[in-house]
Amino acid sequence: MQRKRTLKNVVVLVLFFVSLISFSGCNKEVSNESNQNEQHIVVAKAENKKEEIKVDAVSNQQPSDNNKAENKDQDKNKPNTLATKESNKNATKESVKISEVKNSTQKQTVALTPLEQELLKDIKEKNLTSKTAYMVIVDTQKQYTYIMKKSNGSWGLYKSLICSTGAPETPTPKGIYTIQDRAPWFFSKRYQQGGMYWVRFKGDYLFHSLPMDENKNIVDYTLGKPASHGCVRLKVEDAKWFYNSIPFGTRLYIK
């Protein structure tokens with residue numbers, strides 16, 4: 001009886017250990033499967049994150065088709081805007097040129113006065129030329145000295161200076177001359193008169209100011225009629241301008 005009980009107890013213990021072993025094995029398999037499932041989930045999440053990152057990167061790097069089309073349209077419009085600017089500039093330049101031509105034409109078509117026509121006629125008929133930009137014409141009848149100036153190849157009246165040429169007994173010589181030397185003052189003991197700002201055109205014949213005494217006081221204010229000893233008298237301020245402005249070599253015509 002004791003042997004049977006002992007054997008029975010051994011069998012129970014063996015079954016108990018076998019059940020424990022099998023139970024632990026099942027737990028291990030379950031844990032392994034759960035671990036594998038967790039690993040699959042982690043891998044899937046990581047792959048999803050990679051896909052999201054790739055999609056974001058592609059979306060940031062590559063513009064949409066609409067944006068590409070807009071950019072192409074803008075690029076196409078850029079040359080058009082540049083061409084428009086250039087055409088506007090050219091149009092402005094052309095308008096400026098047209099206005100300049102109109103202005104020059106208007107200047108050329110300005111009517112000359114009878115005096116200017118007469119002076120230009122003298123220059124043409126006498127075939128007068130000058131080495132400088134000035135030409136001087138003295139009219140002994142009108143008692144005026146006319147300063148002509150050349151601009152753009154044409155002569156024009158620049159100044160009209162009232163004067164006094166030689167009296168009938170001491171006339172101013174007529175003809176074509178050239179402006180020569182000059183000095184700020186002279187005094188003639190013969191006539192007891194002098195003048196400021198003299199400019200020579202022939203021998204003792206000069207352009208100069210109104211006659212003065214030795215102290216440079218004006219002794220005769222006559223202008224507009226023949227009154228000199230043969231020189232051409234001018235106002236003091238006109239004689240000064242003539243002295244400073246009319247260069248050596250300028251052509252002079254006295255008529």
Side-chain angles (χ1 to χ4, degrees), residues 97 99-184 186 195-211 221-255:
K97 287 181 181 179
S99 63
E100 288 178 352
V101 170
K102 287 182 178 179
N103 291 332
S104 63
T105 304
Q106 289 175 356
K107 289 179 181 178
Q108 291 176 358
T109 57
V110 172
L112 297 174
T113 65
L115 174 61
E116 289 173 325
Q117 292 177 1
E118 180 185 344
L119 295 172
L120 292 175
K121 183 180 178 182
D122 290 337
I123 293 172
K124 184 177 180 180
E125 289 182 352
K126 298 295 181 181
N127 196 22
L128 299 175
T129 60
S130 180
K131 294 180 180 178
T132 72
Y134 292 95
M135 186 180 294
V136 181
I137 299 176
V138 177
D139 191 328
T140 58
Q141 291 184 347
K142 296 179 180 178
Q143 293 294 292
Y144 263 90
T145 295
Y146 300 110
I147 309 300
M148 307 295 290
K149 189 173 183 180
K150 201 168 194 177
S151 178
N152 297 325
S154 300
W155 291 104
L157 180 61
Y158 185 66
K159 276 181 176 291
S160 297
L161 310 177
I162 192 170
C163 66
S164 177
T165 59
E169 61 275 14
T170 54
T172 300
K174 298 176 183 179
I176 298 172
Y177 307 99
T178 300
I179 297 298
Q180 302 174 19
D181 53 329
R182 65 199 65 203
F186 81 97
M196 298 178 68
Y197 308 115
W198 65 265
V199 177
R200 191 190 314 273
F201 63 89
K202 178 186 177 183
D204 293 333
Y205 293 97
L206 317 169
F207 287 89
H208 60 74
S209 68
L210 291 169
Y221 287 86
T222 302
L223 287 171
K225 64 180 182 179
S228 74
H229 297 105
C231 294
V232 181
R233 296 179 183 176
L234 299 169
K235 293 179 182 178
V236 175
E237 58 269 28
D238 290 342
K240 183 178 181 180
W241 179 89
F242 194 97
Y243 174 86
N244 290 323
S245 303
I246 301 302
F248 184 93
T250 297
R251 182 66 71 199
L252 166 65
Y253 173 48
I254 301 176
K255 62 176 185 174

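Atom CG of L128 and atom CG of D122 lie 7.5 Å apart (nearest 0.5 Å). Rounding to the nearest 0.5 angstrom, the gap separating the CG atom in L119 from the CD1 atom in I137 is 5.0 Å. Expressed to the nearest 0.5 Å, how far OG1 of T113 lies from CD of E118 amounts to 9.5 Å. From L234, atom CG reaches atom CE of M196 across 13.0 Å, with rounding to the nearest 0.5 Å. Distance check, rounded to the nearest 0.5 Å: NE2 of H229 to CG of D204 gives 12.5 Å. Here K235 contributes atom NZ and K240 contributes atom NZ; the two are 15.5 Å apart, rounded to the nearest 0.5 Å.
A donor-acceptor contact shorter than 3.5 Å links the side chain of S130 to the backbone of Y134. Panel note: side chain S209, backbone G195; no donor-acceptor pair is recorded below 3.5 Å. Checked by atom type and distance alone, the side chain of Q143 never pairs as donor or acceptor with a backbone atom of I162 at under 3.5 Å. Using modelled atom types, one side-chain atom of T140 and one backbone atom of K255 make a donor-acceptor pair closer than 3.5 Å. Remark: the backbone N or O of Y243 is paired with a side-chain donor or acceptor of R182 at under 3.5 angstrom. Between the side chain of T250 and the backbone N or O of I179 there is no donor-acceptor pair closer than 3.5 Å.
Closest approach of G166 to P226, counting heavy atoms only: O-CB, 3.2 Å. Across all their heavy atoms, T145 and C163 have their closest contact at OG1-SG, 3.5 Å. Heavy-atom minimum distance, P171 versus Y205: O-CE2, 4.2 Å. In plain terms, the two heavy atoms of G249 and T132 that are nearest each other are C-CG2, 4.1 Å. Residues S228 and T172 come closest through the heavy atom pair OG-OG1, 4.5 Å. Contact between M148 and I123 at its shortest, heavy atoms only, is CE-CD1, 4.1 Å.
Atom NZ of K131 has 12 or fewer neighbouring heavy atoms from other residues, nucleotides or ligands inside a 6.0 Å radius. Other residues, nucleotides and ligands place more than 12 heavy atoms under 6.0 Å from the CG atom of N244. Other residues, nucleotides and ligands contribute only 12 or fewer heavy atoms inside 6.0 Å of the CD atom of Q141. When the shell of 6.0 Å around CG of D181 is examined, it contains more than 12 heavy atoms from other residues, nucleotides or ligands.
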query: Are V199 and I246 close enough, and set up right, to give a side-chain contact (heavy atoms from CB on, under 4.5 Å), and what steps lead you there?
result: CA-CA 9 Å; V199 177; I246 301 302; over 6 Å; no

- prompt: Checking side-chain contact (heavy atoms from CB on, under 4.5 Å) for the pair L210/L223: CA distance, chi angles, key distance, verdict?
  reply: CA-CA 8 Å; L210 291 169; L223 287 171; 3.8 Å; yes

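For the pair L157 and L115, the minimum side-chain heavy-atom distance is below 4.5 Å. I147 places a side-chain heavy atom less than 4.5 Å from the side chain of F242. Residues K159 and Y146 fail the side-chain proximity criterion, which asks for heavy atoms closer than 4.5 Å.
Using a 3.5 Å distance cut-off with no hydrogens or angles, the side chains of R251 and T178 do pair a donor with an acceptor.
Partner of H208 under the ring pair (Phe, Tyr, Trp, His ring centres under 6.0 Å) criterion, chosen from F186, Y197, W198: F186. The ring pair (Phe, Tyr, Trp, His ring centres under 6.0 Å) test with F207 singles out one residue from F201, W241, Y177, and that residue is F201.
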